[in-house]
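Heads up: the structure comes next, in structure tokens.
Quick note: numbers below take in every heavy atom, side chains included, and nothing from hydrogens, waters or symmetry partners. Model, not experiment: these values are computed from the prediction.
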Amino acid sequence: MQSITRRWIKGSLLITVLILAVAEGLFLYNAYHDIYGGVEQAMQNRFSTFEGRLQATGTAGDSQVTSESRSQALRRTVEQFEEKDKFEFMLLDSAGVVLATSSGTKNPNLLAVGQDFYEAVTGTTGTGSVIFRTSDGERVMAVTCLVPYAAGSVAAMRLVTSLTLVDRQWNQMVAISLGVVLAVLGFTLWSGLFFIRSIVRPLGQVEAIANRIAHGDLKTRLPDTRYDDEIGRLCRTINRMAEDLTKTEQMKNDFISSVSHELRTPLTSIKGWVETIENIHDPEDENYRKGLSIIRSETDRLYDMVEELLDFSRLQSGMKFNCEVLDFVAEATDAALFVEARIHQEGLELAYEEPPDPYPVWADPARLRQVFVNILDNAIKYSPPGGTIFLTLSRTADTVTASVRDQGRGIAPEDLQNVKLKFFKAKNSVRGSGIGLAVVDEIVTQLGGKTDITSTLGQGTTVSVTLPIYHAGQEHLHEPI
């Protein structure tokens, strides 16, 4: 598995090295031609000066002047050459043999290579140059230029100069440029590794903490980071995730404890009455009939609780809905009639007004009935005797809403935002599994609607279910998500 550092080295750093290498190569190439080309150009300029002097003295282009006089003029120029400390000025014949030099000697070290004369003779420009090393190890540059006029035995002019100072300048430039490249590369490497470490180290810590959280250590947290960037936001997100997981784990434990208690109560009652009935031999005994009634009631209670748990599990696993066009009003009022007997049995009243027009929705009839029954069941459980449960149906241009309001104890503000969460039971909740509203919210959400809950302590709670209006030919827009 590749690390971020290795990826950076193979990617960004390698590209940086290649760019620096190309830039250094281009710089040295241009610098070399500027330095050594400048020397050659200076020598070429002196040849132009020599030719200009010939022109100024009337020795060039005049038919009355013999070629011999031109030769003599060039020889005087060699003898009077003023830059002997910088250049060696030579005159060559047509075979490349030295006829005269500015120093008055024919240094064999300067005659060892005649490539410049050959280039001048064979080339189209009449000039040639060469860099060579003399027998005593000195590097020199020689430039030869053909004489443009007949000048007796003189066929070419040649300048030779030492490159010791030029080479020193070139070597200094190479050293400085390489030093700059190495400095840039070193800074890039240092800054890159520093930046990567500032990412890798926090990520390593995040990975370690995330692994601990994944293995069940929900109390661990990442320390606060001083960076308000992606790393800092990731750390805060991990901490919030751990807090949410801790909260969910606590709610799950509370849920298991609550459900265990809810199951144990009816089971204890059933077991006790079964033992009582075993000792009663008269079916007409009042306790016999009472025991059977309680057993039946508690069994129904257990069945409803288990069905609620199974429904929630199916919804979480992706239950398939069998949707069709339904009358929202009819479904809501039918659910109200279904629980009306229980409402009266609890000493409550049900108040609702049925709208005259149907409210068409696209929904699963069984699941929509379950939504209304669950909401009404909650209202019954939390309503005091003598209270009233209000069912209100309304519509807008695009939605329909059913609101169920009770006059019960209400929900504490700190619990209100969590009552739709799975496993959550409010502090003042009564018997039940505690996932009824979670089931309602899950079904409504999958039908494309929303569930809203408002409550005031001591005054009651209102649960509202809103679904989109169905329009013919738009079934695909209302399919459960």
Applying side chain to side chain donor-acceptor pair (under 3.5 Å), can you list everything that pairs with Glu354, at least two apart in sequence or on another chain? none
Considering all heavy atoms of both residues, which atom of Gly128 and which atom of Ala120 are nearest to each other, and what is their separation? N-CB, 3.8 Å
Nearest heavy-atom neighbours spanning Leu416 and Ser455: CD1-CB, 4.0 Å
Taking Asp377 for its side chain and Val373 for its backbone only, find out whether a donor-acceptor pair lies under 3.5 Å. no
I need the full list of side chain to side chain donor-acceptor pair (under 3.5 Å) pairs touching residues 180-195, with sequence neighbours left out, sorted by first then second residue. none
Step by step, would you call Phe321 with Ile443 a side chain to side chain contact (heavy atoms under 4.5 Å, CB included)? CA-CA 9 Å; Phe321 283 40; Ile443 293 174; 4.1 Å; yes
Sub-4.5 Å side-chain heavy-atom contact between Thr466 and Val400: no
Among Ile380, Val465, Ile389, find the residue that satisfies the side-chain contact (heavy atoms from CB on, under 4.5 Å) test when tested with Ile375. Val465
Can you sort out the partners of Tyr32 under ring pair (Phe, Tyr, Trp, His ring centres under 6.0 Å), two or more places apart, ordered by chain and number? Tyr36, Trp170
Row check, Tyr382 ring normal vs Arg409 NZ/CZ: under 6.0 Å, within 45°: no
Do the non-hydrogen side-chain atoms of Pro413 and Leu457 ever get within less than 4.5 Å of each other? yes
Any idea which heavy atoms bring Leu337 and Tyr352 closest together, and the distance? CD2-OH, 3.8 Å
Those residues that, when tested against Glu40, pass side chain to side chain donor-acceptor pair (under 3.5 Å) (two or more places apart): Ser129
Contacts of His33 meeting ring pair (Phe, Tyr, Trp, His ring centres under 6.0 Å) (sequence neighbours excluded), chain-then-number -> Tyr29
Within-4.5 Å side-chain heavy-atom neighbours: Thr462 and Ile453: no
Do you know the tightest heavy-atom contact between Val140 and Ser162? CG1-CA, 4.0 Å
Passes side chain to side chain contact (heavy atoms under 4.5 Å, CB included), Val181 versus Phe27? Steps please. CA-CA 11 Å; Val181 168; Phe27 171 78; over 6 Å; no
Between Leu348 and His344, is a side chain to side chain contact (heavy atoms under 4.5 Å, CB included) present by the stated rule, with each step listed? CA-CA 5 Å; Leu348 304 171; His344 294 318; over 6 Å; no
Of all heavy-atom pairs linking Lys450 and Val444, the shortest is N-CG1, 3.3 Å
For Ser383, side chain to side chain donor-acceptor pair (under 3.5 Å) partners two or more places apart: none
Tell me, with the steps shown, if Leu447 and Val361 meet side chain to side chain contact (heavy atoms under 4.5 Å, CB included). CA-CA 10 Å; Leu447 290 175; Val361 294; over 6 Å; no
To the nearest 0.5 Å, how far apart are CG in Asp116 and CD1 in Ile131? 11.0 Å
Just how far is it from atom CD of Gln459 to atom OG1 of Thr456, taken to the nearest 0.5 Å? 5.0 Å
Would the number of heavy atoms belonging to other residues, nucleotides or ligands and lying under 6.0 Å from OH of Tyr118 be above 12? no
I'd like to check the salt bridge (charged side-chain N to carboxylate O under 4.0 Å, His left out) partners of Asp406; sequence neighbours left out, ordered by chain and number. none
Distance (rounded to the nearest 0.5 Å) between Thr144 OG1 and Leu159 CG: 8.5 Å
Is there a side-chain contact between Val39 and Met43 in this structure, where contact means two heavy atoms from C-beta onward sitting under 4.5 Å apart? yes
Tell me every residue that passes salt bridge (charged side-chain N to carboxylate O under 4.0 Å, His left out) with Arg46, counting only those two or more places apart in sequence or in another chain. Glu83
Run the side chain to side chain donor-acceptor pair (under 3.5 Å) test against Arg240 and tell me which residues pass, sequence neighbours left out. Thr237
With a 4.5 Å heavy-atom cut-off, do Arg405 and Thr461 have their side chains touching? no
Sequence neighbours left out, what pairs pass side chain to side chain donor-acceptor pair (under 3.5 Å) with at least one residue falling in residues 321-336? none
For residues Gly448 and Pro468, report the shortest heavy-atom separation together with the two atoms involved. O-CD, 3.7 Å
Between the side chains of Thr127 and Glu119, does any donor sit under 3.5 Å from an acceptor? no
For Asn374 and Gln370, does a side-chain donor sit closer than 3.5 Å to a side-chain acceptor? no
Roughly how far, to the nearest 0.5 Å, is CD1 of Ile411 from CD of Glu414? 11.0 Å
Side chain to side chain donor-acceptor pair (under 3.5 Å) pairs touching residues 387-396, sequence neighbours excluded, are Thr396-Thr399
Do the non-hydrogen side-chain atoms of Asn378 and Lys381 ever get within less than 4.5 Å of each other? yes
Point-to-point distance, once rounded to the nearest 0.5 Å, from CG of Leu14 to CD1 of Ile19: 10.0 Å
Measure the OG1-CD distance between Thr164 and Gln169 for me, rounded to the nearest 0.5 Å. 13.0 Å
By salt bridge (charged side-chain N to carboxylate O under 4.0 Å, His left out), which residues pair with Asp167, not counting sequence neighbours? Arg139
Do Leu467 and Tyr359 touch side chain to side chain, with heavy atoms closer than 4.5 Å? no
Looking at Asn30 and Leu26, would you say the former's side chain and the latter's main chain have a donor-acceptor pair under 3.5 Å? yes
Min side-chain heavy-atom separation Gln407-Phe390 under 4.5 Å: yes
Does Phe372 have its ring centroid less than 6.0 Å away from the ring centroid of Phe328? yes
